[in-house]
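Below is one structure, written out as structure tokens; the observations come after it.
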Amino acid sequence: MDSTALGPAFFAADTRQVARALLGAELVAGPVVLRVAETEAYRAGDTACHAHRGWTPRNAPMWGPPGVAYVYLCYGLHVLLNLVSEPEGTPACVLVRAAVPVAGLETVRARRGGRLDLDGPGKVGAALGLRVADSGAALGGAGPVAVRRGRAVPDAEVVVGPRIGIEAADAADRALPWNWRWVGPEGLRGRGKGALRGKPLVSPVPGR
DNA sequence: ACAAGGATCCTCT
DNA sequence: GAGGATCCTTGTT
């Protein structure tokens, strides 16, 4: 048992809070451990969310209990990991958009063509060795992925901005600042598609 | 049974 | 910066 494991109680909260709090957390899949460096929130009533057209077999996990993986195939070739949030019955999830590998580097390289950069959701899914069949699995030691509390990321190292790749959504939803990036020295350090978007979550405190 | 369209990534230029 | 890869899911005949 791992006392730092994040379970249903953590994920049952507001998706935006969960997305922010996941920065610095660790995704564990066998020998591979990744530190979460970028997240996005997808919520009920949000036209960018797969749930907005109603329940389907694919997006069903979002309606289920929190603390479950919602995994789907994007563009026919990329496996994307989402973590189901909010209480059961409220469809919502957090997309893990980027991460930094901290263990199992050889496995990551083997799955990523020799690379260790994980600045993109398809790269994260590949590094973890996820498959679409993993969708709906509970997060934890028994499932394909476990999540545990890593290190706390201070607001000064977080940049918020609009979500990536949701051109089909309504303008208002496209503008929502529901993308969180960890830009500190141990985070993304400016890499990734959202590198030039967004603004600091908290501006530096003026000098005394 | 069919067609369209993706919450992307990689390889060029 | 542009384009191709690649195939499942979904809504429609």
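Chain naming here is simple, since letters A, B, ... match the order of the sequence lines and numbering starts at 1 in each.
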Fill in: Spacing between A:Asp117 atom CG and B:dT8 atom C1', to the nearest angstrom
13 Å

Item to complete: Scan A:Arg115 against the nucleic acid and name what it touches under 4.0 Å (heavy atoms): base, sugar-phosphate only, or nothing.
Response: sugar-phosphate

Worksheet entry | Intermediate values then yes/no, salt bridge (charged side-chain N to carboxylate O under 4.0 Å, His left out), A:Asp46 and A:Arg163 | CA-CA 12 Å; A:Asp46 161 18; A:Arg163 295 171 291 179; 2.6 Å; yes

Item to complete: Output the single nucleotide from B:dA7, C:dC7, B:dC10 whose closest atom is nearest the side chain of A:Leu73.
Response: C:dC7

Discussion item. Applying a 4.0 Å non-hydrogen cut-off, can you work out what A:Ile166 is touching in the nucleic acid: base, sugar-phosphate, or nothing?
Written reply: sugar-phosphate

Worksheet item: Considering only side-chain heavy atoms of A:Leu77, which listed nucleotide, C:dC7, C:dT6, B:dT11, is closest?
Response: C:dT6

Fill in: Whole-Å distance separating the CZ atom of A:Arg53 from the P atom of C:dT10
12 Å

Worksheet item: Backbone N or O of A:Asp170 within a donor-acceptor pair of the A:Asp173 side chain at under 3.5 Å?
Response: no

Item to complete: State whether the distance check finds a donor on one side and an acceptor on the other, under 3.5 Å, for side chain A:His50 versus base B:dA7.
Response: yes

Worksheet item: For the pair made of CZ in A:Arg174 and P in B:dG6, what is the distance, rounded to whole Å?
Response: 12 Å

Discussion item. Without decimals, in angstroms, what is the distance between A:Met62 CE and B:dA7 P?
Written reply: 11 Å

Discussion item. Under a 3.5 Å cutoff, is there a donor and acceptor pairing between the side chains of A:Trp178 and A:Glu40?
Written reply: no

Worksheet entry | A:Arg58 vs C:dC7: side-chain N/O to OP1/OP2 distance below 4.0 Å | no

Item to complete: Take the protein atom NE2 of A:His78 and the nucleotide atom P of C:dT9, then report the distance between them rounded to whole Å.
Response: 16 Å

Worksheet item: Taking only N and O in the side chain of A:Arg112, is any of them less than 4.0 Å away from OP1 or OP2 of B:dC9?
Response: no

Practice prompt. May I have the distance from A:His52 (atom NE2) to C:dT10 (atom C1'), rounded to whole angstrom?
Written response: 13 Å

Worksheet item: Are the ring of A:Tyr75 and the six-membered base ring of C:dA5 within the stacking cut-offs of under 5.5 Å and under 30°?
Response: no

Worksheet, complete the sentence: Any strand, both distances under 3.5 Å, Watson-Crick or G-U wobble: B:dA7 pairs with none

Discussion item. Is it the case that the side chain of A:Asp134 and the backbone of A:Pro144 share a donor-acceptor pair, with hydrogens and angles ignored and the cut-off at 3.5 Å?
Written reply: no

Practice prompt. Round to the nearest Å and state the distance from A:Asp119 atom CG to B:dT8 atom C1'.
Written response: 12 Å

Worksheet item: With both distances under 3.5 angstrom, what nucleotide forms a Watson-Crick or G-U wobble pair with B:dA1?
Response: C:dT12

Worksheet item: Are A:Asp119 and A:Arg97 ion-paired here, with the side-chain N under 4.0 Å from a carboxylate O?
Response: no

Practice prompt. Can you tell me the distance, in whole Å, between the CG atom of A:Asp173 and the C1' atom of B:dA7?
Written response: 13 Å

